[in-house]
Amino acid sequence: MKIAILSRNAKLYSTARLVEAAQARGHEVRVLDVLRCYMNITSHNPSIHYRGEDLTGFDAVIPRIGASVTFYGTAVLRQFEMMNVLPLNESVAISRSRDKLRSIQLLARKGIGLPVTGFANNPDDIEDLIAQVGGAPLVIKLLQGTQGIGVVLAETHNAAESVIQAFMGLNANIMVQEFIKEANGSDIRCFVVGDKVVAAMKRQGKKGEFRSNLHRGGSAELIRLTPEERSTAIRAARIMGLNVCGVDLLRSNHGPVVMEVNSSPGLQGIEETSGKDIADLMIQFIEKRFETSETAKDKTRTRGKG
Ligand code: ADP
(Lines give C-alpha, C1' and ligand atoms only; values in the text may rest on other atoms or scores of the structure.)
Protein backbone atom coordinates (compact mmCIF):
# COMPACT_ATOMS: atom_id res chain seq x y z
CA MET A 1 0.00 0.00 0.00
CA LYS A 2 0.95 3.62 -0.32
CA ILE A 3 0.40 5.26 3.05
CA ALA A 4 0.47 8.93 4.03
CA ILE A 5 1.11 9.93 7.63
CA LEU A 6 -0.17 13.37 8.52
CA SER A 7 2.18 14.68 11.16
CA ARG A 8 3.92 17.94 11.92
CA ASN A 9 7.25 16.25 12.61
CA ALA A 10 8.69 13.03 11.17
CA LYS A 11 11.08 12.80 14.11
CA LEU A 12 8.40 12.39 16.74
CA TYR A 13 8.54 8.95 18.36
CA SER A 14 5.03 7.91 17.27
CA THR A 15 5.50 9.10 13.70
CA ALA A 16 8.92 7.48 13.36
CA ARG A 17 7.58 4.18 14.72
CA LEU A 18 4.66 4.18 12.29
CA VAL A 19 7.02 4.81 9.37
CA GLU A 20 9.25 1.97 10.56
CA ALA A 21 6.31 -0.44 11.03
CA ALA A 22 4.79 0.39 7.63
CA GLN A 23 8.12 -0.08 5.84
CA ALA A 24 8.76 -3.34 7.68
CA ARG A 25 5.47 -4.63 6.29
CA GLY A 26 6.47 -3.65 2.76
CA HIS A 27 4.50 -0.45 2.35
CA GLU A 28 5.52 2.78 0.75
CA VAL A 29 5.10 5.52 3.33
CA ARG A 30 5.40 9.26 3.33
CA VAL A 31 5.15 11.77 6.17
CA LEU A 32 3.30 14.94 5.23
CA ASP A 33 3.24 18.09 7.31
CA VAL A 34 -0.48 18.64 7.52
CA LEU A 35 -0.12 22.43 7.56
CA ARG A 36 1.73 22.31 4.23
CA CYS A 37 -1.08 20.39 2.51
CA TYR A 38 -3.45 22.60 0.58
CA MET A 39 -6.42 21.63 -1.44
CA ASN A 40 -8.64 22.23 -4.36
CA ILE A 41 -12.24 21.54 -3.42
CA THR A 42 -14.07 20.80 -6.63
CA SER A 43 -16.96 18.39 -7.09
CA HIS A 44 -15.48 15.98 -9.58
CA ASN A 45 -11.79 16.11 -9.06
CA PRO A 46 -10.82 17.00 -5.48
CA SER A 47 -7.07 17.23 -5.05
CA ILE A 48 -4.41 17.85 -2.44
CA HIS A 49 -1.19 19.68 -3.10
CA TYR A 50 2.04 19.66 -1.15
CA ARG A 51 4.80 22.17 -1.69
CA GLY A 52 3.76 22.51 -5.32
CA GLU A 53 3.27 18.79 -5.93
CA ASP A 54 -0.07 17.14 -6.74
CA LEU A 55 -0.54 14.28 -4.27
CA THR A 56 -2.05 11.21 -5.85
CA GLY A 57 -2.14 7.46 -5.51
CA PHE A 58 -2.40 7.07 -1.73
CA ASP A 59 -4.35 4.06 -0.46
CA ALA A 60 -4.49 5.00 3.19
CA VAL A 61 -3.83 7.94 5.48
CA ILE A 62 -2.82 7.87 9.14
CA PRO A 63 -3.77 11.12 10.84
CA ARG A 64 -1.59 12.25 13.76
CA ILE A 65 -3.23 15.61 14.18
CA GLY A 66 -2.26 17.63 17.24
CA ALA A 67 -4.96 19.41 19.23
CA SER A 68 -3.68 22.82 18.17
CA VAL A 69 -4.20 22.08 14.47
CA THR A 70 -7.51 20.19 14.69
CA PHE A 71 -9.46 22.52 12.43
CA TYR A 72 -7.00 22.61 9.54
CA GLY A 73 -5.89 19.02 10.05
CA THR A 74 -9.38 17.54 9.89
CA ALA A 75 -10.11 19.60 6.76
CA VAL A 76 -7.06 18.06 5.05
CA LEU A 77 -8.08 14.60 6.22
CA ARG A 78 -11.60 15.15 4.91
CA GLN A 79 -10.10 16.01 1.55
CA PHE A 80 -8.22 12.68 1.54
CA GLU A 81 -11.54 10.98 2.34
CA MET A 82 -13.16 12.79 -0.61
CA MET A 83 -10.41 11.26 -2.73
CA ASN A 84 -11.38 7.79 -1.39
CA VAL A 85 -8.21 7.38 0.63
CA LEU A 86 -8.87 5.12 3.63
CA PRO A 87 -8.30 6.97 6.92
CA LEU A 88 -7.10 5.08 10.01
CA ASN A 89 -9.39 7.38 12.00
CA GLU A 90 -11.88 9.43 10.09
CA SER A 91 -12.18 13.20 10.27
CA VAL A 92 -15.68 13.24 11.80
CA ALA A 93 -14.60 10.97 14.64
CA ILE A 94 -11.51 13.07 15.36
CA SER A 95 -13.59 16.27 15.47
CA ARG A 96 -16.04 14.59 17.85
CA SER A 97 -13.29 13.45 20.19
CA ARG A 98 -11.65 16.89 20.30
CA ASP A 99 -14.74 18.38 21.89
CA LYS A 100 -14.58 17.11 25.48
CA LEU A 101 -18.16 18.05 26.25
CA ARG A 102 -19.64 16.57 23.10
CA SER A 103 -17.67 13.36 23.73
CA ILE A 104 -19.05 13.05 27.24
CA GLN A 105 -22.59 13.67 26.03
CA LEU A 106 -22.25 10.97 23.34
CA LEU A 107 -20.86 8.48 25.85
CA ALA A 108 -23.54 9.34 28.43
CA ARG A 109 -26.26 8.73 25.88
CA LYS A 110 -25.00 5.17 25.47
CA GLY A 111 -24.77 4.52 29.20
CA ILE A 112 -20.96 4.57 29.58
CA GLY A 113 -19.78 5.25 33.16
CA LEU A 114 -18.58 8.85 33.55
CA PRO A 115 -17.65 11.18 36.39
CA VAL A 116 -20.71 13.33 37.23
CA THR A 117 -20.14 16.39 35.04
CA GLY A 118 -21.81 19.80 34.86
CA PHE A 119 -21.63 22.63 32.37
CA ALA A 120 -22.98 26.15 32.76
CA ASN A 121 -22.64 29.59 31.32
CA ASN A 122 -23.96 32.09 33.83
CA PRO A 123 -22.18 32.97 37.11
CA ASP A 124 -25.60 32.99 38.82
CA ASP A 125 -25.74 29.23 38.30
CA ILE A 126 -22.40 28.41 39.95
CA GLU A 127 -23.85 27.46 43.35
CA ASP A 128 -26.21 24.98 41.78
CA LEU A 129 -23.54 23.67 39.42
CA ILE A 130 -21.26 22.89 42.38
CA ALA A 131 -24.10 21.18 44.24
CA GLN A 132 -24.99 19.06 41.22
CA VAL A 133 -21.56 17.44 41.03
CA GLY A 134 -21.65 16.72 44.76
CA GLY A 135 -19.82 19.78 46.12
CA ALA A 136 -16.09 20.30 46.76
CA PRO A 137 -13.57 18.87 46.25
CA LEU A 138 -14.24 18.97 42.53
CA VAL A 139 -12.35 19.17 39.26
CA ILE A 140 -12.66 22.11 36.86
CA LYS A 141 -11.58 21.55 33.26
CA LEU A 142 -10.99 23.96 30.46
CA LEU A 143 -12.62 22.44 27.38
CA GLN A 144 -9.65 23.50 25.26
CA GLY A 145 -6.99 22.01 27.58
CA THR A 146 -4.69 19.06 26.81
CA GLN A 147 -1.95 17.18 28.60
CA GLY A 148 -3.40 18.11 31.97
CA ILE A 149 -3.03 21.88 31.46
CA GLY A 150 -6.28 23.58 32.38
CA VAL A 151 -7.37 20.83 34.79
CA VAL A 152 -7.73 22.22 38.30
CA LEU A 153 -8.59 20.52 41.57
CA ALA A 154 -10.63 22.85 43.79
CA GLU A 155 -10.46 21.45 47.30
CA THR A 156 -12.96 23.74 49.01
CA HIS A 157 -16.28 25.28 48.09
CA ASN A 158 -14.80 28.79 48.14
CA ALA A 159 -11.91 27.80 45.89
CA ALA A 160 -14.32 26.12 43.45
CA GLU A 161 -16.54 29.17 43.36
CA SER A 162 -13.75 31.64 42.72
CA VAL A 163 -11.96 29.54 40.08
CA ILE A 164 -15.23 28.97 38.19
CA GLN A 165 -16.02 32.69 38.41
CA ALA A 166 -12.56 33.57 37.13
CA PHE A 167 -12.81 31.22 34.14
CA MET A 168 -16.30 32.45 33.31
CA GLY A 169 -15.04 36.04 33.55
CA LEU A 170 -12.46 35.18 30.89
CA ASN A 171 -15.17 33.65 28.71
CA ALA A 172 -13.43 30.28 28.90
CA ASN A 173 -15.59 27.20 28.44
CA ILE A 174 -15.23 24.91 31.42
CA MET A 175 -16.84 21.81 32.77
CA VAL A 176 -17.10 20.92 36.41
CA GLN A 177 -16.62 17.34 37.47
CA GLU A 178 -16.95 15.12 40.49
CA PHE A 179 -13.46 14.45 41.90
CA ILE A 180 -12.70 10.73 41.86
CA LYS A 181 -10.54 10.72 44.99
CA GLU A 182 -10.27 6.95 45.17
CA ALA A 183 -8.27 6.96 41.89
CA ASN A 184 -5.38 8.25 44.07
CA GLY A 185 -3.81 10.33 41.32
CA SER A 186 -3.74 7.48 38.82
CA ASP A 187 -5.62 6.69 35.66
CA ILE A 188 -5.65 3.85 33.15
CA ARG A 189 -4.80 4.30 29.49
CA CYS A 190 -6.41 1.61 27.33
CA PHE A 191 -4.95 1.52 23.84
CA VAL A 192 -7.67 0.36 21.44
CA VAL A 193 -7.01 -0.93 17.92
CA GLY A 194 -10.14 -2.09 16.08
CA ASP A 195 -12.33 -3.86 18.58
CA LYS A 196 -9.56 -4.85 20.99
CA VAL A 197 -7.66 -3.28 23.84
CA VAL A 198 -4.15 -4.20 22.66
CA ALA A 199 -2.33 -2.78 25.70
CA ALA A 200 -3.10 -0.97 28.92
CA MET A 201 -1.06 0.93 31.46
CA LYS A 202 -1.64 2.62 34.76
CA ARG A 203 -0.29 6.13 34.96
CA GLN A 204 0.49 7.58 38.36
CA GLY A 205 0.96 11.29 39.01
CA LYS A 206 4.07 12.36 40.85
CA LYS A 207 3.73 12.76 44.61
CA GLY A 208 1.12 15.36 45.59
CA GLU A 209 -0.20 15.63 42.01
CA PHE A 210 -3.74 14.47 41.19
CA ARG A 211 -3.09 14.56 37.43
CA SER A 212 -1.42 11.45 36.10
CA ASN A 213 -0.35 12.79 32.68
CA LEU A 214 3.11 11.57 31.68
CA HIS A 215 3.72 15.11 30.38
CA ARG A 216 3.19 16.33 33.95
CA GLY A 217 5.88 14.02 35.32
CA GLY A 218 3.71 10.94 35.92
CA SER A 219 5.05 7.39 35.63
CA ALA A 220 3.55 4.32 33.98
CA GLU A 221 3.31 0.63 34.77
CA LEU A 222 1.63 -2.37 33.24
CA ILE A 223 -1.83 -3.22 34.53
CA ARG A 224 -4.38 -6.01 34.18
CA LEU A 225 -7.78 -4.73 33.18
CA THR A 226 -11.01 -6.11 34.58
CA PRO A 227 -13.48 -7.41 31.97
CA GLU A 228 -15.69 -4.38 32.73
CA GLU A 229 -12.82 -1.94 32.09
CA ARG A 230 -11.95 -3.70 28.86
CA SER A 231 -15.51 -3.64 27.55
CA THR A 232 -15.99 0.00 28.63
CA ALA A 233 -12.92 1.03 26.61
CA ILE A 234 -14.03 -0.89 23.53
CA ARG A 235 -17.56 0.50 23.70
CA ALA A 236 -16.27 4.05 24.18
CA ALA A 237 -14.06 3.73 21.09
CA ARG A 238 -16.94 2.38 19.06
CA ILE A 239 -19.34 5.13 20.15
CA MET A 240 -16.79 7.77 19.17
CA GLY A 241 -16.28 5.98 15.84
CA LEU A 242 -12.51 5.73 16.38
CA ASN A 243 -10.61 2.70 15.08
CA VAL A 244 -7.50 3.57 17.02
CA CYS A 245 -7.61 5.55 20.24
CA GLY A 246 -6.51 5.86 23.83
CA VAL A 247 -9.38 5.56 26.28
CA ASP A 248 -8.54 7.03 29.69
CA LEU A 249 -10.39 5.51 32.62
CA LEU A 250 -10.48 6.20 36.33
CA ARG A 251 -11.17 3.42 38.83
CA SER A 252 -14.01 4.89 40.86
CA ASN A 253 -15.97 3.23 43.64
CA HIS A 254 -18.90 3.09 41.21
CA GLY A 255 -16.91 1.20 38.55
CA PRO A 256 -14.74 2.41 35.67
CA VAL A 257 -15.47 5.94 34.47
CA VAL A 258 -14.22 7.34 31.16
CA MET A 259 -12.41 10.63 31.35
CA GLU A 260 -11.35 11.08 27.80
CA VAL A 261 -11.00 9.36 24.43
CA ASN A 262 -7.83 10.44 22.63
CA SER A 263 -7.79 10.08 18.84
CA SER A 264 -3.99 10.48 18.47
CA PRO A 265 -2.66 8.49 21.41
CA GLY A 266 1.12 8.59 21.84
CA LEU A 267 3.01 5.35 21.22
CA GLN A 268 6.11 5.85 23.32
CA GLY A 269 4.68 5.36 26.82
CA ILE A 270 2.49 2.42 25.87
CA GLU A 271 5.13 0.61 23.76
CA GLU A 272 7.80 1.04 26.42
CA THR A 273 5.49 -0.07 29.21
CA SER A 274 3.89 -3.00 27.43
CA GLY A 275 6.86 -4.09 25.30
CA LYS A 276 4.41 -4.51 22.40
CA ASP A 277 4.80 -3.36 18.83
CA ILE A 278 1.67 -1.21 18.76
CA ALA A 279 2.71 0.59 15.55
CA ASP A 280 2.74 -2.78 13.77
CA LEU A 281 -0.76 -3.57 15.08
CA MET A 282 -2.01 -0.24 13.72
CA ILE A 283 -0.54 -0.97 10.29
CA GLN A 284 -1.99 -4.50 10.35
CA PHE A 285 -5.39 -3.01 11.16
CA ILE A 286 -5.29 -0.61 8.22
CA GLU A 287 -4.17 -3.42 5.89
CA LYS A 288 -7.12 -5.54 6.94
CA ARG A 289 -9.59 -2.69 6.64
CA PHE A 290 -8.21 -1.88 3.19
CA GLU A 291 -8.57 -5.49 2.03
CA THR A 292 -12.11 -5.87 3.32
CA SER A 293 -13.49 -2.52 2.07
CA GLU A 294 -15.48 -3.55 -0.92
CA THR A 295 -16.11 -0.18 -2.44
CA ALA A 296 -14.34 3.14 -2.40
CA LYS A 297 -17.30 4.54 -0.48
CA ASP A 298 -17.05 1.83 2.15
CA LYS A 299 -13.53 2.96 2.94
CA THR A 300 -14.66 6.35 4.11
CA ARG A 301 -18.07 5.54 5.52
CA THR A 302 -18.95 7.58 8.60
CA ARG A 303 -18.97 5.46 11.72
CA GLY A 304 -20.00 6.21 15.31
CA LYS A 305 -22.73 8.49 16.54
CA GLY A 306 -23.56 12.16 16.57
P1 ADP B 1 -6.17 16.33 29.63
O2 ADP B 1 -7.00 16.03 28.45
O3 ADP B 1 -5.69 17.74 29.68
O4 ADP B 1 -5.11 15.29 29.90
P5 ADP B 1 -7.81 15.04 31.59
O6 ADP B 1 -9.26 15.26 31.64
O7 ADP B 1 -7.32 13.76 31.01
O8 ADP B 1 -7.14 16.28 30.88
O9 ADP B 1 -7.23 15.19 33.07
C10 ADP B 1 -5.84 15.14 33.39
C11 ADP B 1 -5.60 14.22 34.60
O12 ADP B 1 -6.26 14.71 35.75
C13 ADP B 1 -6.15 12.83 34.38
O14 ADP B 1 -5.23 12.00 33.72
C15 ADP B 1 -6.45 12.35 35.79
O16 ADP B 1 -5.31 11.78 36.39
C17 ADP B 1 -6.81 13.63 36.51
N18 ADP B 1 -8.29 13.81 36.55
C19 ADP B 1 -9.05 14.34 35.58
N20 ADP B 1 -10.35 14.34 35.92
C21 ADP B 1 -10.44 13.81 37.15
C22 ADP B 1 -11.53 13.54 38.05
N23 ADP B 1 -12.78 13.85 37.73
N24 ADP B 1 -11.23 12.96 39.24
C25 ADP B 1 -9.95 12.63 39.56
N26 ADP B 1 -8.89 12.88 38.77
C27 ADP B 1 -9.10 13.45 37.57
Side-chain angles (χ1 to χ4, degrees), residues 14 65-70 94-108 112-119 129-156 159-160 163-164 167 172-192 200-221 223 229 232-233 236-237 240 242 245-266 268-270 273:
S14 303
I65 295 169
S68 60
V69 298
T70 301
I94 295 173
S95 302
R96 255 185 220 128
S97 74
R98 288 289 156 85
D99 181 337
K100 288 190 189 196
L101 191 66
R102 180 179 177 192
S103 304
I104 284 193
Q105 288 174 317
L106 291 170
L107 297 172
I112 296 282
L114 297 163
V116 179
T117 303
F119 186 59
L129 185 67
I130 293 176
Q132 286 201 13
V133 301
L138 52 76
V139 175
I140 301 160
K141 292 187 186 183
L142 265 178
L143 292 194
Q144 293 84 349
T146 58
Q147 302 180 345
I149 296 166
V151 180
V152 181
L153 173 62
E155 309 218 35
T156 64
V163 175
I164 297 171
F167 277 136
N173 281 318
I174 48 158
M175 59 190 189
V176 175
Q177 211 162 57
E178 158 196 20
F179 175 50
I180 311 291
K181 187 165 185 287
E182 58 275 24
N184 284 322
S186 71
D187 75 352
I188 298 172
R189 159 60 58 95
C190 305
F191 202 106
V192 177
M201 62 179 172
K202 179 176 164 182
R203 298 179 298 195
Q204 180 74 49
K206 58 180 188 218
K207 208 166 179 297
E209 171 62 71
F210 83 103
R211 297 167 299 178
S212 54
N213 304 67
L214 300 183
H215 287 101
R216 304 258 69 74
S219 57
E221 63 180 80
I223 193 177
E229 287 162 351
T232 299
M240 299 304 294
L242 290 165
C245 60
V247 180
D248 295 343
L249 302 174
L250 292 175
R251 279 186 170 162
S252 83
N253 52 21
H254 47 94
V257 291
V258 173
M259 234 176 0
E260 183 165 46
V261 182
N262 189 322
S263 57
S264 273
Q268 187 162 14
I270 196 81
T273 308

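As the structure is a prediction and not an experimental result, all values here were calculated from the model. Ligands are counted one by one from 1 in listed order, and the atoms in each one are counted from 1 as well.
Q204 is linked by a side chain to side chain contact (heavy atoms under 4.5 Å, CB included) to S186, K202, S219, counting only residues two or more places apart in sequence or in another chain. Considering only residues two or more places apart in sequence or on other chains, S95 meets the side chain to side chain contact (heavy atoms under 4.5 Å, CB included) condition with T74.
Distances from ligand 1 to the non-hydrogen atoms of K181 include no value under 4.0 Å. Heavy atoms of L250 come nearer than 4.0 angstrom to ligand 1 in at least one pair.
Checking only distances, D248 never comes within under 3.5 Å of ligand 1, N or O to N or O.
Using a 4.0 Å cut-off between heavy atoms, R211 contacts ligand 1 through both its backbone and its side chain.
Annotation for ligand 1: atoms under 4.0 Å from non-hydrogen atoms of K100 are 1 (P), 2 (O), 3 (O), 8 (O). Of all the atoms in ligand 1, the ones that sit under 4.0 Å from a non-hydrogen atom of K141 are 5 (P), 6 (O), 19 (C), 20 (N). Each of the atoms 24 (N), 25 (C) of ligand 1 lies under 4.0 Å from some heavy atom of F179.
Smallest separation of non-hydrogen atoms from L138 and F179: CA-CB, 3.9 Å.
Compare V151, I188, L114, L142 by their heavy atoms: the one nearest to atom 9 (O) of ligand 1 is in V151.
Tested against S212 for a side chain to side chain donor-acceptor pair (under 3.5 Å), the candidates N184, D248, D187 yield a single pass: D187.
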